[in-house]
Amino acid sequence: MKKWSLLLVAAIALTMVACGGDDSGDSGDGGSGGGSVSVVAKDFSFSPSTVDVNAGDSIDFQNDGSTEHNFSIDGQDVDVDAEDGGSATVDVSGLAAGTYDFFCKYHKDQGMTGTLEVK
């Protein structure tokens, strides 16, 4: 009986080790930076209109509107278009920490603006 008990305990222990997850806490994003935040353009507004990113991050820019929209930051070489129903990646990895105003260059006069905070 003792042999079977020992074999059962050994089998359970091996199963637990084989099925255990990785406890390293690594999300697979390569460390600091390199993540992304989503911003949606629709009805001549951005959602969210205030965006926080870490240095090295990018923005997943989704256009849920029925017209072309844009994500621009003056003087920072950020100028990305997304056709209606389309999406684009906005590379803000080169921006220094600080606060930036972003806008749609096609609809800025209609109030399509927001604020980007790079940490």
Side-chain angles (χ1 to χ4, degrees):
M1 185 77 165
K2 288 183 182 181
K3 284 184 183 180
W4 287 109
S5 296
L6 287 174
L7 287 174
L8 181 60
V9 169
I12 291 171
L14 284 173
T15 301
M16 291 176 69
V17 169
C19 294
D22 179 7
D23 292 341
S24 68
D26 183 8
S27 64
D29 67 3
S32 65
S36 67
V37 174
S38 294
V39 174
V40 176
K42 184 177 181 182
D43 299 332
F44 306 104
S45 65
F46 292 104
S47 180
S49 61
T50 301
V51 181
D52 294 326
V53 298
N54 293 315
D57 284 355
S58 62
I59 296 173
D60 293 327
F61 180 46
Q62 177 69 39
N63 183 352
D64 286 350
S66 58
T67 186
E68 183 177 22
H69 288 298
N70 171 271
F71 190 106
S72 289
I73 300 174
D74 275 338
Q76 299 300 320
D77 197 29
V78 175
D79 182 5
V80 177
D81 290 341
E83 296 290 331
D84 55 317
S87 64
T89 299
V90 181
D91 182 6
V92 293
S93 63
L95 298 180
T99 303
Y100 301 88
D101 294 323
F102 65 89
F103 57 91
C104 173
K105 69 182 179 184
Y106 306 118
H107 306 108
K108 186 176 183 180
D109 291 343
Q110 285 98 346
M112 196 167 181
T113 61
T115 304
L116 175 68
E117 175 83 24
V118 179
K119 299 176 183 178

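Below, all heavy atoms of this structure are taken into account, side chains as well, without hydrogens, waters or symmetry copies.
We find the CG-CZ distance between Asp79 and Phe102 to be 14.0 Å, quoted to the nearest 0.5 Å. Summarising the geometry, atom CE belonging to Met112 is positioned 11.5 Å from atom OH belonging to Tyr106; distances are rounded to the nearest 0.5 Å. The structure places CG of Leu116 at 12.0 Å from OG of Ser49, a figure rounded to the nearest 0.5 Å.
Of all the heavy atoms in Val80 and Ala88, the pair that sits closest is CG1-CB, 3.5 Å. Of all non-hydrogen atoms in Phe44 and Thr67, the two that sit nearest each other are CE2-CG2, 4.1 Å. For the pair His107 and His69, the tightest heavy-atom approach, listed with the atom from each and the gap, is ND1-ND1, 3.1 Å.
Residues Val51 and Phe103 are members of separate hydrophobic clusters, defined by side-chain heavy-atom contacts under 4.5 angstrom among Ile, Leu, Val, Met, Phe, Trp and Tyr. Side-chain heavy atoms closer than 4.5 Å link hydrophobic residues (I, L, V, M, F, W, Y) into clusters, and following such links, even through other members, never connects Val90 to Val40.
By the side chain to side chain donor-acceptor pair (under 3.5 Å) test, Asp74 pairs with no residue at all, sequence neighbours left out. In this view, Ser45 satisfies the side chain to side chain donor-acceptor pair (under 3.5 Å) rule with no residue, not counting sequence neighbours. Here Phe61 pairs with Phe71 under the ring-ring contact (aromatic ring centres under 6.0 Å, His included) rule; sequence neighbours left out. Residues passing the side chain to side chain donor-acceptor pair (under 3.5 Å) test with Asp60, sequence neighbours excluded: Ser36.
Side-chain atoms of Asn70 and Asp81 form a donor-acceptor pair, as typed in the model, at a separation below 3.5 Å. If you check the side chains of Ser66 and Asp84, you find no donor sitting under 3.5 Å from an acceptor.
At least one donor-acceptor pair under 3.5 Å links the side chain of Asn63 to the backbone N or O of Glu83. A donor-acceptor contact shorter than 3.5 Å links the side chain of Asp57 to the backbone of Gly35.
The stretch residues 87-96 participates, sequence neighbours left out, in these side-chain hydrogen bond (donor to acceptor under 3.5 Å, both in side chains) pairs: Asp91-Ser93. Sequence neighbours left out, the pairs with a member in residues 110-119 that pass side-chain hydrogen bond (donor to acceptor under 3.5 Å, both in side chains) are Thr99-Glu117.
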